[in-house]
Amino acid sequence: VCDASRLSQEERALVLRETAQASVIVLTMVYQDGTAQLNAEQKSCPPVSGVLVLLKSELDAMESEGCSAGLPGSEGSGCKVIFLKLEQRPAWAQQGYRQDRFSKEMLLCILGSAQDVICFKAKDLLCTALQYFGKEISWKQVALCRILDPQIAAWLLDPADTASCFWDLVAKRCKTRAAVKPCAGAREFEQQPNVSGSLLVLYRLMMDLRASLQEQGLWKLFCSVELRLTTVLAVMEIHRIHVDKDALEKTSKILGMKLKQLEQEAHQAAGQQFLVSSSSQLRVVLFEKLRLHERCENKKLPKTVLRQQQSTSEATLMQLQDLHPLPKIILEYRQVHKIKSAYVDGILSCMISPFYNPKWGNTSSAVTGPITSKKPNIQAIPRQSIQIIKKQYVQGKEPEVITIHPRSMFISEEGWTFLAADFSQVELRLLAHLSSDPELLRVFQEPLAAGDVFISLASQWKGLPEGKLKPEDREQAKRIVYSVVYGAGKERLSEILGLTAEQAGQFVDSFLQKYKQVRAFTQKTIQQCQDQGCVVSIMGRRRHLPHILSPDWTLRNQAERQAVNFVVQGSAADLCKMAMIRIFSHIASSPTLTARLIAQIHDELLFEVEDSQVEEFAGVVQTTMESLQHIDCFGVHLKVPLRVMLSSGKSWGSLAELARPRSLPHRL
DNA sequence: TTTCAGACGCTAGG
DNA sequence: CCTAGCGTCTG
């Protein structure tokens, strides 16, 4: 290993030339505690010390076949390992800029081109690199980079096996492993300080994974979706969102007071002290002390899944609220408590600097394929605001009503605007496409599709004109549709709808009667899963469901629902990922556009756009997203058009719908 | 006796 | 159906 800081000017130039010409580059980050990205799962991420770069100038087929002796220490010809020191220094201390500059130059050389690079946990590396570059280099300069990440490759091969550490992956996926380390256990090998040897193993691992991906026809999906998404996510993660910290702190206090007040009310209603947030204590009060369940024997109260006890869930409390004041109080308590703990205090604890900036992590490893957000979970921040009535104890003052909306705490920067683009009813549209149900297709294909889909669906289903429908009809139609999409049974639906299982079952039946092909699609999917052991999404993503043939009725039924659910949800995830990539590329290749992707809330993309570019960019987003009806390279041709709703505003909580540009008619 | 990880319950999002 | 995350309760 050669330390870049010890190289002479001439040697550095040579290394840069070699980098540009290298056939393969393998990278890993090294942390200040001496561990690397390849070491076992680290809980806390220690500060970065640098990057190890392995340059491989010639791609010898022999080696990847496993024919060479290939002991980790004795790299064959054409290999060079360089250590790049990466240290964040305060701006005033940038004196050692020479070495600094070389590291940056080198990294840019590696990440700025489109050559193949291999890195385990590529997104982390990209994030640190981007942060290291700071403002000197625009993210657009690394927008084209392609980092092959074995973790993602393995996940694509089998989404079920949870993200394992590097050495587990090697053990599981490396066919040439025997040649690499004849008898040593992974642990022992891991202890070895020979990181450059590990880099060679990393290279082999990726080659083997590539072979598996190619065998299974997943290579294209890997390269043109997952790989490119890594960059999109890294750039998104670097961007910081402005949060109104003062307002958050203020609401935290208000909510705290409200909780105390509700707690007292609950104690009073119950006639005793108890821990309101504890479901087990609440169970005792509701069913042993007050015996409320005896007063509603006609209704079936839900039980907890594992212990078959009386549940205290929302569904139960809703049914009990006419019998006693307590359930209502608990419901409100829980709602307020949830908002306070997860979305106000939770966000506050995620903020780093005293002023603002929440950071959001993003992993690409969930079973169904969608991206998920963490710390805070931006995807689960309540859509609607809640009303809080603050009692005034000062004489003569009216009770004050306060609205609390966690989303409105997210504010755009000065001179910038939030733009949200929402794929309307993607899942339902996909269901229409996948099932080819004529009635369902008609809902979307008719020119009147400009209206509310659920209203037309409800009217079609119930045989009533749209004007005669009540809002409940729409809501019911929506819930039934999604429970069918999600594969929920009638028991589950009855809970959601607050009806008996029989009634719910009737609804589902009458729905499936009207849309016959939907049931056919469900059965076809299950059949396919039974035949092949897996189901496939619209762009070729797979999920293996071994339980589909299980003799256990519960397991098999679950697998059947998962199969159907995966095809619809997984395909929706595909479309959203594709949308992110396309829009990202568009911005990256535009010299003027500066819009940044901030968050993805499943079927909604949230951008921060310079005020002057909102109109132009809105057009780009809409055309790009709606054009995903046809994705030629994946053979995707949806039978229904895709619709995108746009809205914009200065805060995430107050977005106003944007008029649809004239140039984009409702239908082509 | 105290502490802490893991199981369980609930609910926000889609 | 599948996420994340907060809170109790248990051993």
Side-chain angles (χ1 to χ4, degrees), chain A residues 43 159-160 162 259 274-284 302-318 330-347 349-350 360-386 405-407 422-428 430-431 478-479 481-489 491-493 495-496 522 525 535 543 545 557-573 575-576 599-606:
Chain A
K43 275 183 188 165
T162 42
L259 281 180
F274 71 104
L275 194 53
V276 186
S277 50
S278 158
S279 42
S280 57
Q281 291 188 26
L282 176 65
R283 182 152 43 232
V284 173
K303 301 266 173 111
T304 57
V305 190
L306 282 126
R307 299 193 181 168
Q308 292 299 306
Q309 289 174 306
Q310 294 283 354
S311 164
T312 65
S313 65
E314 195 182 345
T316 315
L317 298 180
M318 294 286 257
I330 301 291
L331 281 173
E332 194 182 352
Y333 180 91
R334 285 202 185 145
Q335 186 187 29
V336 176
H337 182 82
K338 179 85 186 175
I339 291 194
K340 175 166 159 53
S341 64
Y343 307 119
V344 178
D345 297 350
I347 289 168
S349 71
C350 293
W360 82 313
N362 223 326
T363 45
S364 180
S365 331
V367 190
T368 25
I371 14 186
T372 56
S373 118
K374 274 187 213 161
K375 242 195 122 196
N377 182 358
I378 271 196
Q379 292 175 324
I381 293 176
R383 185 168 269 288
Q384 258 139 29
S385 54
I386 58 158
H405 193 184
R407 289 197 180 192
D422 198 305
F423 262 134
S424 30
Q425 311 101 19
V426 240
E427 274 116 339
L428 189 52
L430 278 166
L431 185 67
K478 188 174 166 182
R479 282 179 167 161
V481 164
Y482 281 108
S483 68
V484 171
V485 172
Y486 296 155
E491 290 80 14
R492 192 88 187 115
L493 183 64
E495 273 177 45
I496 301 166
T522 309
T525 307
V535 271
R543 178 167 182 191
L545 289 163
N557 256 30
Q558 170 161 287
E560 287 175 359
R561 286 193 295 268
Q562 286 172 330
V564 175
N565 177 65
F566 175 82
V567 178
V568 183
Q569 301 246 86
S571 301
L575 286 181
C576 293
Q600 186 254 37
I601 305 98
H602 305 111
D603 50 7
E604 171 185 338
L605 300 181
L606 186 66

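Letters A, B, ... mirror the listed sequences (proteins, then strands); counts begin at 1.
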Compare side-chain N and O positions of [X] against OP1 and OP2 of [N] and report whether any pair is under 4.0 Å apart.
X	N	value
Thr312(A)	dG9(B)	no
Arg561(A)	dC1(C)	yes
Gln562(A)	dC2(C)	yes
Gln558(A)	dC1(C)	yes
Arg383(A)	dG14(B)	yes

Partners meeting side-chain contact (heavy atoms from CB on, under 4.5 Å) with Asp422(A) (sequence neighbours left out):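 Once residues adjacent in sequence are excluded, the partners of Asp422(A) under the side-chain contact (heavy atoms from CB on, under 4.5 Å) criterion are Arg383(A), Asp603(A), Glu604(A), Met645(A).
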
side-chain contact (heavy atoms from CB on, under 4.5 Å) partners for Gln558(A), two or more places apart: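 So Gln558(A) forms a side-chain contact (heavy atoms from CB on, under 4.5 Å) with Arg561(A), Gln562(A).
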
Within this structure, what is the [atom1]-to-[atom2] distance between [X] and [N], rounded to whole angstrom?
X	N	atom1	atom2	answer
Lys340(A)	dG5(C)	NZ	C1'	15 Å
Gln600(A)	dA4(C)	CD	P	13 Å
Glu604(A)	dA12(B)	CD	P	18 Å
Leu606(A)	dG13(B)	CG	P	16 Å
Ile386(A)	dA12(B)	CD1	C1'	12 Å
Lys338(A)	dA4(C)	NZ	P	13 Å
Asp422(A)	dG14(B)	CG	P	9 Å
Ile371(A)	dG13(B)	CD1	P	19 Å

[atom1]-[atom2] distance between [X] and [Y], expressed to the nearest 0.5 angstrom:
X	Y	atom1	atom2	value
Thr372(A)	Gln600(A)	OG1	CD	9.0 Å
Ile601(A)	Ser373(A)	CD1	OG	8.5 Å
Arg407(A)	Tyr343(A)	CZ	OH	10.0 Å
Thr316(A)	Leu282(A)	OG1	CG	9.5 Å

If you check the [X] side chain, which of [options] turns out closest?
X	options	answer
Asn377(A)	dA4(C), dC1(C), dA12(B)	dA4(C)
Arg334(A)	dG14(B), dG13(B), dC10(B)	dC10(B)
Arg283(A)	dT3(C), dC10(B), dA12(B)	dC10(B)
His337(A)	dC1(C), dG13(B), dG7(C)	dG7(C)
Glu314(A)	dC1(C), dC10(B), dT11(B)	dT11(B)

Ile386(A): which of Gln335(A), His405(A), Lys338(A), Glu332(A) passes side-chain contact (heavy atoms from CB on, under 4.5 Å):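 So the option named by the test is Gln335(A).
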
Pairs: protein N or O with nucleotides 8-11 of chain C N or O, under 3.5 Å:
| from | atom 1 | to | atom 2 | distance (Å) |
| --- | --- | --- | --- | --- |
| dT8(C) | O3' | Ser278(A) | OG | 3.1 |
| dC9(C) | OP1 | Ser278(A) | OG | 2.6 |
| dC9(C) | OP1 | Ser280(A) | OG | 3.1 |
| dC9(C) | OP1 | Gln281(A) | NE2 | 3.2 |

pair Ile347(A)-Ile381(A): side-chain heavy atoms closer than 4.5 Å: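 They are in side-chain contact.
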
